[in-house]
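To start, the structure under review is shown below, and the notes come after it.
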Amino acid sequence: MLITVIGGGAAGLMAATVAAWNGAKVRIIERKGKLAKKLLASSNGRGNFSNLDMNETHYYSNNLPFVKKVLDIFGVVQTLSVFEELGIMIKEKDSKLFPYTEKSKDIVTNFIYELEKHNVEVVLNFQVF
């Protein structure tokens, strides 16, 4: 099965990685020339990737019940499980979650390593219409 992930941001890296772990052939299509650009800049490069109080009220949406449903399926516990599987140690500050090193680059490096290990195709500078 081929899965194409549109967007190489944090969510795209997570989706592609989990799909690859589950045996799918995966392709990421990213509009820009670099993966995880916003993640690399988050918290001035410290890599705040989530928080312990993750719930639907923290999202802007016209369909909060859908957001709640998604977070019930894949919330903070599942996110932390993926980070543990990637070998990324976590630290918490004021309920915000960071890599232990407080370097967002370390998160991206681990994801890219995992994508390469599973032969995930990455297409950069391509916009899907």
Under 4.5 Å between side-chain heavy atoms, hopping through other hydrophobics if needed: is there a path connecting Leu80 to Val77? yes
How long is the span from the CD1 atom in Ile90 to the OG atom in Ser50, to the nearest 0.5 Å? 9.5 Å
Hey, what do you get for CE (Met54) to CG (Leu97), rounding to the nearest 0.5 Å? 7.5 Å
Gap separating the CD1 atom of Ile3 from the CD1 atom of Ile28, nearest 0.5 angstrom: 11.5 Å
Other than Ile6, which residues form its hydrophobic cluster under the rule that side-chain heavy atoms must be closer than 4.5 Å? Ile29, Val123, Phe126, Val128
I'd like to check the side chain to side chain contact (heavy atoms under 4.5 Å, CB included) partners of Lys96; sequence neighbours left out, ordered by chain and number. Asn48, Phe98
Applying side chain to side chain donor-acceptor pair (under 3.5 Å), name anything that partners Thr101, two or more places apart in sequence or on another chain. Asp106
Search all heavy atoms of Ile107 against all heavy atoms of Ile88 and return the closest pair with its distance. CA-CD1, 3.9 Å
Side chains of Leu124 and Leu35: does their closest heavy-atom pair fall under 4.5 Å? yes
Who passes side chain to side chain contact (heavy atoms under 4.5 Å, CB included) against Ala11, sequence neighbours left out? none
Could you check if a side-chain atom of Thr17 sits within less than 4.5 angstrom of a side-chain atom of Val120, using non-hydrogen atoms only? no
When rounded to the nearest 0.5 Å, the distance separating CD1 of Ile112 from CG of Leu13 is 7.0 Å
Return the set of residues passing side chain to side chain contact (heavy atoms under 4.5 Å, CB included) with Thr57 (not counting sequence neighbours), or none when no residue passes. Asn55
Which atom of Leu115 lies closest to which atom of Ala16, heavy atoms considered: CD2-CB, 3.9 Å
Tell me, yes or no, whether the heavy-atom count around Phe74 atom CZ, taken from other residues, nucleotides or ligands under 6.0 Å, exceeds 12. yes
For Phe49, the ring pair (Phe, Tyr, Trp, His ring centres under 6.0 Å) test, sequence neighbours excluded, returns Phe83
What side-chain hydrogen bond (donor to acceptor under 3.5 Å, both in side chains) pairs are there with at least one residue in residues 65-90, not counting sequence neighbours? Lys68-Asp72
Please give the remaining members of the hydrophobic cluster of Tyr100, linking ILVMFWY side chains under 4.5 Å, ordered by chain and number. Met89
Is it the case that over 12 heavy atoms from other parts of the model lie below 6.0 angstrom from the CG atom of Asn44? no
Please list all pairs passing the salt bridge (charged side-chain N to carboxylate O under 4.0 Å, His left out) test where one or both residues lie in residues 35-60, with sequence neighbours left out. Arg46-Glu102
Establish whether Ile73 and Phe66 are linked, either directly or via other cluster members, by ILVMFWY side-chain heavy-atom contacts under 4.5 Å. no
OH on Tyr113 to NE2 on His118, rounded to 0.5 Å: 9.5 Å
Under the side chain to side chain contact (heavy atoms under 4.5 Å, CB included) rule, collect the residues that match up with Thr109, sequence neighbours excluded. Lys105
Is there side-chain contact between Leu52 and Glu92, with heavy atoms separated by less than 4.5 Å? yes
Tell me which pairs pass side-chain hydrogen bond (donor to acceptor under 3.5 Å, both in side chains) where either residue lies in residues 21-36, with sequence neighbours left out. Thr4-Arg27, Trp21-Glu114, Arg27-Glu121
Leu39 side, atom CG; Ser104 side, atom OG - distance, nearest 0.5 Å: 5.5 Å
